[in-house]
> 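Below is one structure. I have some questions about it.
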Amino acid sequence: MKVRTRFAPSPTGYLHIGGARTALFSWLYARKHGGDFVLRIEDTDLARSNAESVNAILEGMNWLGLEYDEGPFYQTQRFDRYKEVIQQLLDTGHAYYCYCTKEELDVMRDQQMAIKAKPRYDGRCRLRTEPREGVSPVIRFRNPTEGITVVDDMVRGRVTFQNTELDDLIIARSDGTPTYNLTVVVDDWDMQITHVIRGDDHLNNTPRQINILKALGVEPPRYAHLPMILGPDGTKLSKRHGAVSVMQYRDDGYLPQALLNYLVRLGWSHGDQEIFSLDELIELFDIADVNHSASAINPEKLLWLNQHYIKTQTPDYVARQLSWHMGQRDVDPSTPPPLRDVVEVLRDRAKTLVEMADQSVYFFKDFDVYDEKAAQKNLTPDALPVLQALHAALGALGEWTPEQVHESVTGVSERLQVKLGKVAQPLRVAVTGGSVSPSIDQTLTLIGRERTLSRIQQAAEWIASKKV
Ligand code: GLU
């Protein structure tokens, strides 16, 4: 049997990190077993679903690199099929029309509450043979009234439900549209899903889904319900704990690789290992090792992982991710210097790609304001002859390499008998606009000769203009 897993988000917002973790576990399980991973968009709630959210999900999956083998399938394109299955359930007596009005259901609930019984539909339309004039009925599933339904969960173990606890759920609304439990069942069946891996907020739906599958004569898939992700304070994860949308993590400068590594550890562990390559994850991941209890997010750990991956991933990988951030800063990353070279000089100095991008704008873009403090301290009248000498020396260089630049700068320091710092620092402010950058040789090499010379010139003019 070929393993087939799926990720089945409802497009009602962004891709949440909880959803991304579910997707990652399903993806890993499929990859580990040489199976297929299916993406299904559960967009039947027309009031809450929208195209923008679908795009946000696709963008998030793509950014994380969780490629799917089939899909995306859209439930809104499968209404005919759901109708067919609902009809099949009606024809076989596993479903029935229910004409109860809202008022009747309210009374039923109040009576049950009054005797402290669990509110549930009492099945009164089960035996009805005649339609009720003027009422568009819903369709309910005829749930077994005795016995138990066992969910043999791959994370939770055996979870038993009394069938009497599961009332006759609505599978089609009065306008004929199918409900969540019905569409999921039909899709998991049609898409031949073998392992349903999802959040444990769905555990209570599972016995209902199993009963519907059984009524259809279908062997249910295996289920694995993942524990919740909590905020650092142990409460349900929400926006007040920081970013919850996957794309927000991109915007905040995280590498997808770091986020994946971080997400996998929310609920899964392998000894005390923290860092996993994707290949390692595919090899080591097992649903059986998923924790039973909820896990809390830990933003410091994510930052630590991000820094680790910025330092250790190939410069090309980091550059591809950095490229987006440069675009956000109106930099065309295809113009020189090569972004991978920028990554190489900055990778030890940045914890996020936002920091890295902010630190590298001057490699690409000219500026006409200086950091005030840096300019006050370094672009002084004393620096004017230094900058002029640098302009001449650097302008005369045969080659523009770190070694040549280095020699030229130290040469100026020796000739003018000015300490190297008094040469390099005004130069740095002149060419970067601020007082912090990688080594002056690397900085100048990346900025390039022409830009370096014109920026030195600009700084000299700036100093001269202050003199008068
Ligand atoms: N569409 C459901 C959700 O987003 C998931 C359904 C499932 O995984 O069975 O919560």
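Whatever order the structure lists them in is the order used to number ligands and atoms, beginning at 1. Small disclaimer: the values here were computed from a predicted structure and weren't measured. One is the number of the first residue; the rest follow in order along the sequence.
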> Kindly write out the residues that satisfy side chain to side chain contact (heavy atoms under 4.5 Å, CB included) with A56, not counting sequence neighbours, or none if the list is empty.
none
> How far is atom 8 (O) of ligand 1 from the closest protein heavy atom, and which atom is that?
R6 NH1, 2.7 Å
> What protein heavy atom lies closest to atom 10 (O) of ligand 1? Include the residue and the distance to one decimal.
H202 NE2, 2.9 Å
> Under 4.0 Å from a heavy atom of S10: give me the atoms of ligand 1 that qualify, with their elements.
1 (N), 2 (C), 3 (C), 4 (O)
> Check whether the side chains of R4 and H195 place a donor and an acceptor atom closer than 3.5 Å, and report yes or no.
no
> Find out whether D366 and R455 are in side-chain contact, i.e. whether some heavy atom of one side chain is under 4.5 Å from a heavy atom of the other.
yes
> Does Y249 reach the main-chain N or O of A243 with its side chain, forming a donor-acceptor pair under 3.5 Å?
yes
> Using distance alone, determine whether Y180 and ligand 1 share an N or O pair under 3.5 Å.
yes
> Has F7 got any heavy atom lying under 4.0 angstrom from an atom of ligand 1?
no
> Could you find the nearest protein heavy atom to atom 1 (N) of ligand 1 and give me its residue, atom name and distance?
E42 OE1, 2.6 Å
> Counting both backbone and side chain atoms, is some N or O of D201 under 3.5 Å from an N or O of ligand 1?
no
> Any atom of ligand 1 sitting under 4.0 Å from a heavy atom of Q209?
no
> Could you check F25 against F285 for ring pair (Phe, Tyr, Trp, His ring centres under 6.0 Å), going step by step and ending with a plain yes or no?
CA-CA 8 Å; F25 283 19; F285 182 78; 5.0 Å; yes
> Mind jotting down which residue pairs meet the salt bridge (charged side-chain N to carboxylate O under 4.0 Å, His left out) criterion with at least one end in residues 271-294? Sequence neighbours excluded, please.
R265-E274, E274-K301
> Who's the nearest protein heavy-atom neighbour of atom 5 (C) of ligand 1, and how far?
A8 O, 3.3 Å
